Amino acid sequence: MIKFTIPGEPVAQGRPRAGKTKYGKTVLYDPRKSKNYKQYIKLVASQHVPHKQIEGQISMHLKIYRQIPKSMTKKLRKASIDEIHRPTTKPDCSNIAKGIEDALNGMIYKDDSQIVDLHVSKFYSENPRVEVEIKVLDGVK
């Protein structure tokens, strides 16, 4: 099992942007914010890379902790800290997970298509972060 925490406010995977090369060919690229966040994830994850990339089936659990808004009432703030009141605002879970999955390609595992079980949860916290847990599942041998 591989466990690590990505400190800071999570960033959703942005929609690909289109541009032109100097030869007129259309290319797609990540928006700057998404690209920078993926590089940050790679930096954090680099301390947890296994000796050999995972090749089999993977289960990934992500716990996303968003910053508690300053405008939140004391009652809601307490419920948020107790993980009762949870974020229903953008970005959505799947967009945050996609950026993390993509960033770990070629580092922890060969390809994110190996993820056969994905569990993503959003919470509020005074300490924004994403907790990542990756398990290798037993497959057919």
Side-chain angles (χ1 to χ4, degrees), residues 1-140:
M1 180 182 341
I2 298 170
K3 289 175 94 170
F4 60 94
T5 300
I6 305 163
E9 190 67 35
V11 175
Q13 172 63 44
R15 294 203 182 274
R17 302 288 180 226
K20 298 265 186 194
T21 65
K22 64 181 180 179
Y23 304 107
K25 187 175 179 181
T26 301
V27 292
L28 295 177
Y29 61 92
D30 271 342
R32 178 170 287 143
K33 195 171 181 181
S34 296
K35 184 178 178 184
N36 291 344
Y37 189 61
K38 285 181 186 179
Q39 288 174 337
Y40 176 61
I41 293 166
K42 286 177 186 276
L43 179 68
V44 172
S46 67
Q47 301 166 27
H48 305 278
V49 173
H51 294 292
K52 186 178 177 218
Q53 277 182 356
I54 300 169
E55 294 182 7
Q57 301 173 69
I58 297 170
S59 170
M60 181 183 279
H61 288 243
L62 301 175
K63 287 181 114 179
I64 300 164
Y65 290 90
R66 307 273 324 275
Q67 180 68 47
I68 297 175
K70 294 187 186 324
S71 60
M72 194 174 277
T73 64
K74 286 182 182 180
K75 184 177 179 180
L76 275 181
R77 182 175 292 274
K78 180 172 179 356
S80 296
I81 290 169
D82 294 339
E83 296 185 355
I84 296 167
H85 178 70
R86 294 169 58 177
T88 56
T89 58
K90 290 185 178 193
D92 57 76
C93 290
S94 57
N95 286 344
I96 295 171
K98 185 63 184 153
I100 295 168
E101 290 173 17
D102 289 349
L104 299 178
N105 269 343
M107 285 186 71
I108 306 288
Y109 42 78
K110 288 189 176 200
D111 191 78
D112 56 356
S113 63
Q114 293 170 249
I115 300 169
V116 297
D117 181 31
L118 177 64
H119 184 86
V120 186
S121 304
K122 278 196 308 188
F123 302 95
Y124 280 120
S125 174
E126 294 289 350
N127 177 26
R129 66 195 180 281
V130 178
E131 295 176 359
V132 179
E133 183 179 298
I134 299 169
K135 291 181 191 172
V136 178
L137 300 176
D138 291 331
V140 178

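Not measured: the values here are computed from a predicted model. Residue numbers count from 1 along this sequence.
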Taking [X] for the side chain and [Y] for the main chain, is one N or O donor matched with an acceptor at less than 3.5 Å?
X      : Y     : result
Tyr40  : Gly8  : no
Glu9   : Gln67 : yes
Thr5   : Pro7  : no
Gln114 : Ile54 : yes

Check: In a check of salt bridge (charged side-chain N to carboxylate O under 4.0 Å, His left out) between Asp30 and each of Arg17, Lys35, Lys38, which one passes?
Finding: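 So the option named by the test is Lys38.
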Over all atoms of both residues, closest heavy-atom pair of [X] and [Y]:
X      : Y      : value
Cys93  : Val120 : CB-CG1, 3.5 Å
Ala45  : Ile108 : O-CD1, 4.4 Å
Ile100 : Tyr109 : O-OH, 4.2 Å
Ser34  : Ala12  : OG-O, 3.4 Å
Val130 : Pro10  : CG2-CB, 3.7 Å
Asn105 : Lys42  : O-NZ, 4.1 Å

Taking atom [atom1] of [X] and atom [atom2] of [Y], what is their separation to the nearest 0.5 Å?
X      : Y      : atom1 : atom2 : result
Ile2   : Met107 : CD1   : CE    : 10.0 Å
Gln13  : Glu101 : CD    : CD    : 10.0 Å
Met72  : Ile81  : CE    : CD1   : 9.5 Å
Asp117 : Lys135 : CG    : NZ    : 9.0 Å
Met60  : Ile115 : CE    : CD1   : 4.0 Å
Glu133 : His119 : CD    : NE2   : 10.5 Å

Charged tip of Arg66 within 45° of Tyr124 ring normal and under 6.0 Å =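 So Arg66 doesn't make the cation-pi contact.
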| query | So, Lys110 and Glu55, do they make that salt bridge, N to O below 4.0 Å? | reply |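 Yes, charged N to carboxylate O under 4.0 Å.
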Should Asp112 and Lys98 count as an ion pair when the cut-off is N to O under 4.0 Å?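 Yes.
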Is any side-chain heavy atom of [Y] closer than 4.5 Å to one of [X]?
X      : Y      : result
Thr26  : Lys20  : yes
Val132 : Val44  : no
Val116 : Leu137 : yes

- Query: What's the verdict on side-chain hydrogen bond (donor to acceptor under 3.5 Å, both in side chains) for Asn127 and Ser125, showing C-alpha distance, side-chain angles and the deciding distance?
  - Reply: CA-CA 5 Å; Asn127 177 26; Ser125 174; 5.3 Å; no
Between Ser46 and His48, do the side chains contain a donor N or O and an acceptor N or O under 3.5 Å apart?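 Side-chain D/A pair, His48 to Ser46: absent.
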(Q) For Arg86, is the CZ atom crowded, meaning more than 12 foreign heavy atoms sit under 6.0 Å from it? (A)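 For Arg86, atom CZ is crowded (more than 12 foreign heavy atoms under 6.0 Å).
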- Please assess Glu131 against Arg129 for the test side-chain contact (heavy atoms from CB on, under 4.5 Å), listing each intermediate value before the final yes or no. CA-CA 7 Å; Glu131 295 176 359; Arg129 66 195 180 281; 3.0 Å; yes
- Dump the intermediate steps for side-chain contact (heavy atoms from CB on, under 4.5 Å) on Ile68 and Leu76, then the final yes or no. CA-CA 10 Å; Ile68 297 175; Leu76 275 181; over 6 Å; no
Inter- and intrachain pairs under side chain to side chain donor-acceptor pair (under 3.5 Å), touching residues 74-83, at least two apart: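 Residue pairs passing side chain to side chain donor-acceptor pair (under 3.5 Å), neighbours aside: Tyr65-Glu83, Arg77-Glu126, Lys78-Asp82.
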